Peer 1: 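Questions regarding the structure given below will be posed in turn.
Note that these values count all heavy atoms, side chains included, but never hydrogens, waters or copies made by symmetry. For clarity, every value in this text was computed on a predicted model and none was experimentally measured.
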Amino acid sequence: MSPIDLSAAASALPDPWASHLLGQVGTAAVKVLRMDGRPLPVESHDNPEMLLVLDGRLELLVDGAEVTVGPGELHRIPARAAHAVRPGSRGTLLIVEVPEEE
């Protein structure tokens, strides 16, 4: 597999906040997306997520707590945690979705 330019992959996506699956590592899905400053509503997932900000910043509300994730920082969202993207989130985000162990 050739190296992937993550910024270029995110820039090429037709819509912001629409993730693109780059590949699988074991059972984990690795995705990239472009953030455009708009907020997103509260959601939760059955599996935990690891969010790595490649550039820009991610403003989150996780279980009622405000969290800012900057460039080069990683934040783990636990399974079933209510989380929303707050206004001002811009840049490139790498997401690793990790299924829970049975």
Peer 1: Please list, chain by chain and in numerical order, all residues satisfying side-chain hydrogen bond (donor to acceptor under 3.5 Å, both in side chains) with S44, sequence neighbours excluded.
Peer 2: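 Once residues adjacent in sequence are excluded, S44 has no partner under the side-chain hydrogen bond (donor to acceptor under 3.5 Å, both in side chains) criterion.
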Peer 1: Using modelled atom types and a 3.5 Å cut-off, is there a donor and acceptor pairing between side-chain atoms of R90 and backbone atoms of G56?
Peer 2: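 No; zero donor-acceptor contacts below 3.5 Å.
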Peer 1: So L51 and L60, side-chain contact (heavy atoms from CB on, under 4.5 Å) or not? Walk me through it.
Peer 2: CA-CA 11 Å; L51 306 176; L60 292 170; 4.0 Å; yes
Peer 1: Taking all atoms of both residues into account, what is the closest heavy-atom pair of P99 and E97, and its distance?
Peer 2: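 Shortest heavy-atom contact: CD-O, 3.7 Å.
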Peer 1: What pairs with H75 under ring pair (Phe, Tyr, Trp, His ring centres under 6.0 Å), at least two apart in sequence or on another chain?
Peer 2: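 Checked H75 against ring pair (Phe, Tyr, Trp, His ring centres under 6.0 Å); zero matches.
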Peer 1: Is there a donor-acceptor pair closer than 3.5 Å between any side-chain N or O of R57 and the backbone N or O of S89?
Peer 2: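 No; zero donor-acceptor contacts below 3.5 Å.
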Peer 1: Which residue pairs pass the salt bridge (Lys or Arg N to Asp or Glu O under 4.0 Å) test when at least one of the two sits in residues 60-72, sequence neighbours left out?
Peer 2: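 Listed once each, the pairs are E66-R86.
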Peer 1: Mind running side-chain contact (heavy atoms from CB on, under 4.5 Å) on M50 and L74 for me, showing each step along the way?
Peer 2: CA-CA 7 Å; M50 299 294 284; L74 180 70; 3.3 Å; yes
Peer 1: Taking a hydrophobic cluster as the set of Ile, Leu, Val, Met, Phe, Trp and Tyr residues connected by side-chain heavy atoms closer than 4.5 Å, whether directly or through intermediates, do V32 and L40 fall within one such cluster?
Peer 2: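 No; tracing contacts between hydrophobic side chains, which count when under 4.5 Å, never links both residues.
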Peer 1: Run the side-chain donor-acceptor check on residues 11-23: report pairs under 3.5 Å with partners two or more places apart or on a different chain.
Peer 2:
from : atom 1 : to  : atom 2 : distance (Å)
S11  : OG     : S7  : O      : 3.0
W17  : NE1    : D36 : OD1    : 2.8

Peer 1: First locate atom CG of L6, then atom CG of L93, and finally report the distance between them rounded to the nearest 0.5 Å.
Peer 2: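 It is 11.0 Å, given to the nearest 0.5 Å.
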Peer 1: Under the criterion side-chain contact (heavy atoms from CB on, under 4.5 Å), which of I95, L58, L94 is the partner of L52?
Peer 2: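 Considering I95, L58, L94, a side-chain contact (heavy atoms from CB on, under 4.5 Å) with L52 is found only for L94.
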Peer 1: At what distance, to the nearest 0.5 angstrom, does CD of E49 lie from NZ of K31?
Peer 2: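 The NZ atom of K31 is 7.5 Å from CD of E49, to the nearest 0.5 Å.
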Peer 1: State plainly whether one hydrophobic cluster holds both L33 and V96, where clusters connect Ile, Leu, Val, Met, Phe, Trp and Tyr through side-chain heavy atoms under 4.5 angstrom apart.
Peer 2: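 No, separate clusters.
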Peer 1: Test of understanding: with side chain to side chain contact (heavy atoms under 4.5 Å, CB included), list the residues that count as partners of E43, not counting sequence neighbours.
Peer 2: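 H45, H83.
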Peer 1: Under the side chain to side chain contact (heavy atoms under 4.5 Å, CB included) test, which residues partner V25, sequence neighbours left out?
Peer 2: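 V25 satisfies side chain to side chain contact (heavy atoms under 4.5 Å, CB included) with V30 only.
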Peer 1: Can you get from V62 to V98 by hopping between Ile, Leu, Val, Met, Phe, Trp and Tyr side chains that sit under 4.5 Å apart?
Peer 2: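 No, because V62 and V98 fall into different hydrophobic clusters, even though each may have its own neighbours under 4.5 Å.
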Peer 1: Is there a donor-acceptor contact under 3.5 Å from the side chain of D55 to the main chain of G91?
Peer 2: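 Not at all, since once roles are kept as given, no pair shorter than 3.5 Å links the two residues.
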